[in-house]
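Reviewing the structure listed below.
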Number of protein chains: 2
Amino acid sequence: MDDISLPVDGSPGSAPRTDSGAGPRADTSITRVFGILDLFTPDTPVWTADLLMEQLGLARATIYRYVRALCDAGFLAAVSGAGYVLGPRFIEFDRSIRLADPLLQIVPPVMAELRDVVNGGQLLCAFYGLRVLSVLQDKTDPNITMSMERGRPFSLFTGSPSRVILAHLPPYQLRNLALNHQKEIAAAGLGEGWQAFRDNMRAIRRTGFVAASDIDKALIGISAPIFQAPGAVSASLCLVRTKENAPPEQVAFLGELAMKAAQRISRELQAFRPVRADRTPLSAPVSRVR
Amino acid sequence: MDDISLPVDGSPGSAPRTDSGAGPRADTSITRVFGILDLFTPDTPVWTADLLMEQLGLARATIYRYVRALCDAGFLAAVSGAGYVLGPRFIEFDRSIRLADPLLQIVPPVMAELRDVVNGGQLLCAFYGLRVLSVLQDKTDPNITMSMERGRPFSLFTGSPSRVILAHLPPYQLRNLALNHQKEIAAAGLGEGWQAFRDNMRAIRRTGFVAASDIDKALIGISAPIFQAPGAVSASLCLVRTKENAPPEQVAFLGELAMKAAQRISRELQAFRPVRADRTPLSAPVSRVR
DNA sequence: TGAAATTCCTCATATTATGAGAAATATTTG
DNA sequence: CAAATATTTCTCATAATATGAGGAATTTCA
């Protein structure tokens, strides 16, 4: 449960796949257009039409058609002379998501209350299908959680925030994951095969929280699940301390603390807006694993 | 110069058009896929396949093909039962943009220094083609700049941050704008026709800053231009105060303050990474107006 | 575990995306 | 401000592939 895994920072790579047995996706024009965006990374934030032609092996006219569509939609922006960069739409959509997310209204005051007791850092992570994302961080110790700011992605199988979410997924989703991601699950030390995996997850549910050091080995994260509806995990609260500052009894204490706070957040979340009768979740709904 | 304009918050609407004389864009499959994303607003954050079919008038299979492509790319995420929400990719891309933006490393300490003197709020706005976006805010007075957080869009013609950028665009870009956006320019009180517009912009450049109250009438914003390269505006720094707290001589003082700070930021920005010899801007480049 | 919903697949047809080169703009320089 | 250069868009014939309908396979929830 305390294995060694690389901190997955899968920004540039290709899109997350459903991987539900089938092979790679078809190569449609939409796929190709999205593929262009994948090229724009912090390391190579500017691309010219010529570079894109070369990189993607497409005709000039095609590249310009794609780039134009992306610019019109605000996903790219043209820059002086030649070249394109990621456009304003991403910044706007992130704001739109923040505005619609009740967790970002509920959690900050809770984090503020816990701040002194935790004496480290706090993280709010949201569940998005096959990955988990940091969506809010509260820093006390400036040495801690440097790279955990909003948008930092985590594998669904690595790190305490992910694992505690994983453990509380519905049984059939767990089964699908066990089938389709056997290797990753084994590599993360979560069990070889469905039986072991299921038992490990059950053990986590019994405990109610997860403590792990598998992202940053100098730190320990203690995470509890947040439920958008009874039985439906959608996020987790993670308390962070330096490992040397967290002896076993402190870990147990922080676990209780995280669980209490997460339960409170869950209650407020479920009361935030009355769930509509017709089963359509209104906000911050639970992502499915495909 | 102190006219009445609505605070433009154009998030949900359609994509920004180049509008360079031509009519509306072609209706390609890529356009339609992007159109789906436009439906996901803070007011209607969850859409089911059936609702999308009804709204867009497309066949079931087509909707599912589109939705799948968007989910695979992380732009949508499936939620419990049925329904889709905006996906994690927007949050990740915003982070990616933040990581690559030297302004976000340079400006915070400058804002911290100014904080006490300004005694109000501060805004860093970035230029993206036809629009300007808040990308960083520093709040002192909690009553001020409530809705100016990162991602808040502004029209290129409204508000002091936009106008001071506008005024410093290259001459041919100003001319294009005067041709293609005559009505908006007139409506914003920036002049009827090219001559008047050009003169107004020249006057702003002479002054070096813009003071205006056209976004929130209770506030006054005082903005100075930030240059990514000599002669190439890419952003603006805006100092905000309540109007009653800003008599004329204070406005002049804040104008000087904003200009000095913006010049300092520009210097640091241009020194941040040596501009490459081949004219390809490396980071935070200047958007073109199309 | 079984019933009800959601999602995906198959296939024939019609639509439209593609590439090459020329024309039109935009941008920089004198 | 005008000429020179680089960038972007357009046109059109052809090949490719997106679309819709219904049935099959999943997923979801009781």
Side-chain angles (χ1 to χ4, degrees), chain A residues 18 20-22 25-33 48-53 56-69 71-72 76 78-84 129 169-177 179-180 229-232 278-281 285-290, chain B residues 18 20-23 25-33 47-53 56-69 71-72 76 78-84 129 169-177 179-180 198 229-232 278-281 286-290:
Chain A
T18 133
S20 61
R25 290 286 155 227
D27 184 42
T28 99
S29 74
I30 293 164
T31 305
R32 286 191 291 273
V33 170
T48 64
D50 280 327
L51 282 173
L52 291 173
M53 277 178 60
L56 301 172
L58 295 171
R60 181 173 302 278
T62 305
I63 290 292
Y64 274 110
R65 261 189 296 256
Y66 286 179
V67 162
R68 178 118 91 93
C71 284
D72 285 350
L76 288 182
V79 298
S80 173
Y84 298 87
L169 289 178
Y172 57 92
Q173 289 200 3
L174 279 184
R175 203 206 191 89
N176 279 346
L177 285 170
L179 284 173
N180 299 321
D278 59 7
R279 229 168 41 125
T280 305
V286 182
S287 290
R288 264 171 295 170
V289 174
R290 317 302 296 287
Chain B
T18 135
S20 61
R25 291 283 156 229
D27 184 41
T28 101
S29 72
I30 293 163
T31 306
R32 286 191 289 274
V33 170
W47 286 81
T48 63
D50 280 325
L51 283 174
L52 290 173
M53 276 177 61
L56 300 173
L58 295 171
R60 181 171 300 277
T62 306
I63 289 293
Y64 274 109
R65 262 188 297 255
Y66 286 179
V67 163
R68 177 118 90 94
C71 284
D72 285 350
L76 288 182
V79 297
S80 173
Y84 299 87
L169 290 178
Y172 58 91
Q173 288 200 4
L174 279 183
R175 203 207 191 85
N176 279 346
L177 286 169
L179 284 174
N180 299 321
R198 187 193 53 184
D278 60 8
R279 227 163 47 118
T280 305
V286 182
S287 291
R288 265 171 293 167
V289 174
R290 317 302 295 286

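Lettering of chains follows the sequences in order, A, B, ..., and the numbering in each one begins at 1.
- Between A:Thr62 and C:dG19 there is a side-chain polar atom (N or O) within less than 4.0 angstrom of OP1 or OP2.
- With the end axes of the helix from C:dT1-D:dA30 to C:dG30-D:dC1 each set by five pairs, the angle from one to the other reads 90° at 10° resolution.
- Listed pair B:Tyr66 / C:dT7 fails the phosphate criterion, with no side-chain N or O lying under 4.0 Å from OP1 or OP2.
- The separation between B:Asp27 atom CG and D:dA18 atom C1' is 13 Å, rounded to whole Å.
- Backbone-only engagement by B:Arg32 is indicated by non-hydrogen atom pairs under 4.0 Å involving sugar-phosphate atoms exclusively.
- Taking atom CG of residue B:Leu58 and atom C1' of nucleotide C:dC8, one finds them 17 Å apart after rounding to whole Å.
- Residue A:Leu58 holds its CG atom at 10.5 Å from CZ of A:Arg65, rounded to the nearest 0.5 Å.
- Between B:Arg68 and the phosphate of C:dC8, there is a side-chain N or O to OP1/OP2 separation shorter than 4.0 Å.
- Distance check, rounded to the nearest 0.5 Å: CZ of A:Arg60 to CG of A:Asp50 gives 4.5 Å.
- Closest approach of B:Val79 to B:Tyr84, counting heavy atoms only: CG2-N, 4.1 Å.
- Here the closest non-hydrogen pair linking B:Ile63 and B:Ala49 is CG2-O, 4.0 Å.
- Rounded to an integer number of Å, the gap from B:Leu52 CG to D:dT19 C1' is 17 Å.
- Distances shown here put every side-chain N or O of A:Arg65 at or beyond 4.0 Å from the OP1 or OP2 atom of C:dT16.
- When distances are taken from the side chain of B:Tyr64 to each of C:dT7, C:dG21, D:dG20, the shortest belongs to C:dT7.
- Residue B:Leu51 holds its CG atom at 10.5 Å from CG of B:Leu56, rounded to the nearest 0.5 Å.
- Take A:Arg32 and apply the side chain to side chain donor-acceptor pair (under 3.5 Å) test, not counting sequence neighbours, and it matches A:Asp27, A:Tyr66.
- Counting to the nearest Å, the C1' atom of C:dT6 and the CZ atom of B:Arg60 are 8 Å from each other.
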